[in-house]
Amino acid sequence: MKKVILAYSGGLDTSVCVKWLKDRGYEVIAYIGDVGQGEDFEKIEKRALDTGAKKVYIGDLKQEFISDFILPSLQANAAYEGKYLLATALSRPIIAKYLVETAHREKASVIAHGCTGKGNDQVRFEVTVHILDPKLEIIAPVRVWEFKSREEEIDYAKEQGIPLNVTKKKVYSIDKNLWGISIECGALENPWIEPPKDAYQMTQNPEDAPSKPTYIEIDFEKGIPSKINSQKYGLETLIKKLNETAGRNGVGRIDMVENRLVGIKSREIYEAPAATCLYLAHRELEALCLDRELLHFKEVLSLKYAELVYYGLWYSPLKKAIDAFIKETQKNISGTVRLKLYKGSCVAAGRKSPYSLYKEELATYTEKDKFDQKLAEGFIRLWGMPYRRQK
Ligand code: ARG
């Protein structure tokens, strides 16, 4: 019997995948990657076994996800099309890495996933698997199976006795991890419609958020968030705390129409409270501590970095080279940023750093001023010289 390692989430699609693969003669081994989605993994494991999986692996990937995936993209300030902070996109390469590892351990030659043929995730899973082990075969049942709708799929699941807790009414497709939530489908498919209240999962509606602002101070050490309000936390706890505090203030909602890799535009909404705060705080510190040329050049790379992550090219030579560059830029990114969270907004209210390049005696307009304004004239003459016409 051919063994297949299935990326399993416990949802409708991957559950039906177990049965579908089994019916085609495969021995199914389910792999669940814990990237902080906060599910009841025992229940999911049981569901996989009850649906026909031979064996279930649950990989706790949280620490590696934070240190090797979330952190580098935070340090890169990577945001796809300027908005999407990449929570789902970042989780795919690490899950794929462990699918490959599980395949090797189980001596399986096939990997399967439950992604649709219209999305980015199929690309991310498959490209990563192929980079890590080109010999592995891939099956994507959802791309080929016979169900034309979610309703048909649910009927099949019921018929086959697949244990599920879904209803035909559940409208949104949701992907969640520690770094954020991605939500699509249902009313969101019309880009003119404001997201219904029930679409958001982890943030307070800004209108109902506290009417007094919350101030928080975030410390970074060499580009790594280390403290909230002077209290040291490990990254997992720090992110969870920020998700909670910022989420309560309605911070971190993103509503966008994005360009998918497969060529279609889609409207999706995201919630990333902690990521929103950390991106802002990190950029504020960089503004203080990086010189102009480095900062501007880094911005160009941020754009590219976000594309590479979004496009599933995590394990590519360019991404690796940019990582080395980004790492070099973080040496002096230490200090504190004060953020003000208020009814959906998150703004910087203060920043300080021992590596600050801000010089008050140069910036000030008071008697403390040390800037020699007379030098500006010569500077401007030379600066503009190449563009001046000969008289
Ligand atoms: N569009 C996002 C991306 O490609 C999120 C997709 C997540 N899937 C979902 N079920 N909402 O990364």
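In summary, the side chains of D255 and Y270 do not present any donor paired with an acceptor at a separation below 3.5 Å, with no hydrogens or angles considered. With hydrogens and angles left out, the side-chain atoms of S226 and Y233 include no donor and acceptor closer than 3.5 Å. For the residue pair S15 / T51, no side-chain donor-acceptor distance below 3.5 Å is found, with atom types taken as modelled. With 3.5 Å as the limit, one finds no donor-acceptor pair spanning the side chains of K222 and Q330. Side chains of H113 and D121: a donor-acceptor N/O pair is absent below 3.5 angstrom, by distance only. Between Q204 and N249, the side chains place no donor N or O within less than 3.5 Å of an acceptor N or O (distance only, hydrogens not considered). Side-chain contact annotation: Y156 with E146, donor-acceptor N/O pair under 3.5 Å absent. A donor-acceptor contact closer than 3.5 angstrom is absent between the side chains of Q201 and E271. Side-chain contact of Y310 with N120: a donor-acceptor pair under 3.5 Å is present, judged by distance alone.
For F297, the CZ atom sits in a loose shell: 12 or fewer heavy atoms of surrounding residues, nucleotides or ligands are nearer than 6.0 Å.
I174 and L86 fall into different hydrophobic clusters, where Ile, Leu, Val, Met, Phe, Trp and Tyr residues are linked whenever their side-chain heavy atoms come under 4.5 Å apart, directly or through other members. Two different hydrophobic clusters hold I183 and V35 under the rule that ILVMFWY side chains link at heavy-atom gaps under 4.5 Å. I181 and Y80 are not part of a single hydrophobic cluster, where members link through side-chain heavy atoms under 4.5 Å apart.
Applying the side-chain hydrogen bond (donor to acceptor under 3.5 Å, both in side chains) definition to pairs two or more places apart or across chains, those involving residues 180-197 are T88-S182, E184-R260.
A 4.5 Å side-chain heavy-atom check between I333 and I224 finds every atom pair outside the cut-off. Side-chain contact between I70 and F65: present, with at least one pair of heavy atoms (C-beta onward) separated by less than 4.5 Å.
Under a 4.0 Å N-O distance rule, the pair E328/K331 qualifies as a salt bridge. Electrostatic pairing of D219 and K352 does not count as a salt bridge here, judged by no charged N lying under 4.0 Å from a carboxylate O. With respect to the salt-bridge test (charged N to carboxylate O, under 4.0 angstrom), the residues E126 and R143 qualify. For E106 and K55, the salt-bridge test passes: some basic side-chain N is under 4.0 Å from an acidic carboxylate O. With respect to the salt-bridge test (charged N to carboxylate O, under 4.0 angstrom), the residues K22 and E27 do not qualify. Salt bridge E307/K304: present, at least one basic N to carboxylate O contact under 4.0 Å. Using a cut-off of 4.0 Å between Lys/Arg side-chain N and Asp/Glu carboxylate O, K327 and D323 are scored as not salt-bridged. In summary, R47 and E42 do not engage in a salt bridge, as defined by a charged side-chain N under 4.0 Å from a carboxylate O. Using a 4.0 Å cut-off between charged nitrogen and carboxylate oxygen, K240 and E236 count as a salt-bridge pair. Under the 4.0 Å criterion applied to side-chain N and carboxylate O atoms, K368 and E361 are not assigned as salt-bridge partners.
Among all heavy-atom pairs drawn from A79 and L85, the shortest one is CB-CD2, 3.8 Å. Between C17 and G114, the closest heavy-atom pair is SG-CA, 4.0 Å. Nearest heavy-atom pair across A48 and V56 is CB-CG2, 3.7 Å. For the residue pair I269 and A199, the shortest heavy atom distance occurs at CD1-CB, 3.7 Å.
Aromatic rings from F69 and W314 are positioned such that their centres are separated by under 6.0 Å.
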Could you walk me through whether Y57 and I5 pass the side chain to side chain contact (heavy atoms under 4.5 Å, CB included) test, one step at a time?
CA-CA 10 Å; Y57 283 94; I5 313 296; 5.9 Å; no
Could you go step by step and tell me if F220 and L278 meet the side chain to side chain contact (heavy atoms under 4.5 Å, CB included) rule?
CA-CA 10 Å; F220 281 76; L278 291 172; 4.2 Å; yes
I'd like to know whether R150 forms a salt bridge (charged side-chain N to carboxylate O under 4.0 Å, His left out) with D155, so could you lay out the CA-CA distance, the side-chain angles of the two residues, the decisive distance to 0.1 Å, and finally the verdict.
CA-CA 9 Å; R150 188 178 162 83; D155 288 340; over 6 Å; no
Would you sort out whether K319 and L313 count as a side chain to side chain contact (heavy atoms under 4.5 Å, CB included), showing the intermediate values?
CA-CA 7 Å; K319 153 74 180 41; L313 299 176; 5.9 Å; no
Test side chain to side chain contact (heavy atoms under 4.5 Å, CB included) on K83 and E258; report intermediate values, then the result.
CA-CA 9 Å; K83 289 171 98 174; E258 72 194 43; over 6 Å; no
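For the salt bridge (Lys or Arg N to Asp or Glu O under 4.0 Å) test, residues two or more places apart in sequence or in another chain that qualify with D50 are K46.
For the pair R105 and Y98, the cation-pi test (distance below 6.0 Å, angle within 45°) is failed. Cation-pi check for R24 over W20 is met; the charged atom lies under 6.0 angstrom from the ring centroid and within 45 degrees of its normal.
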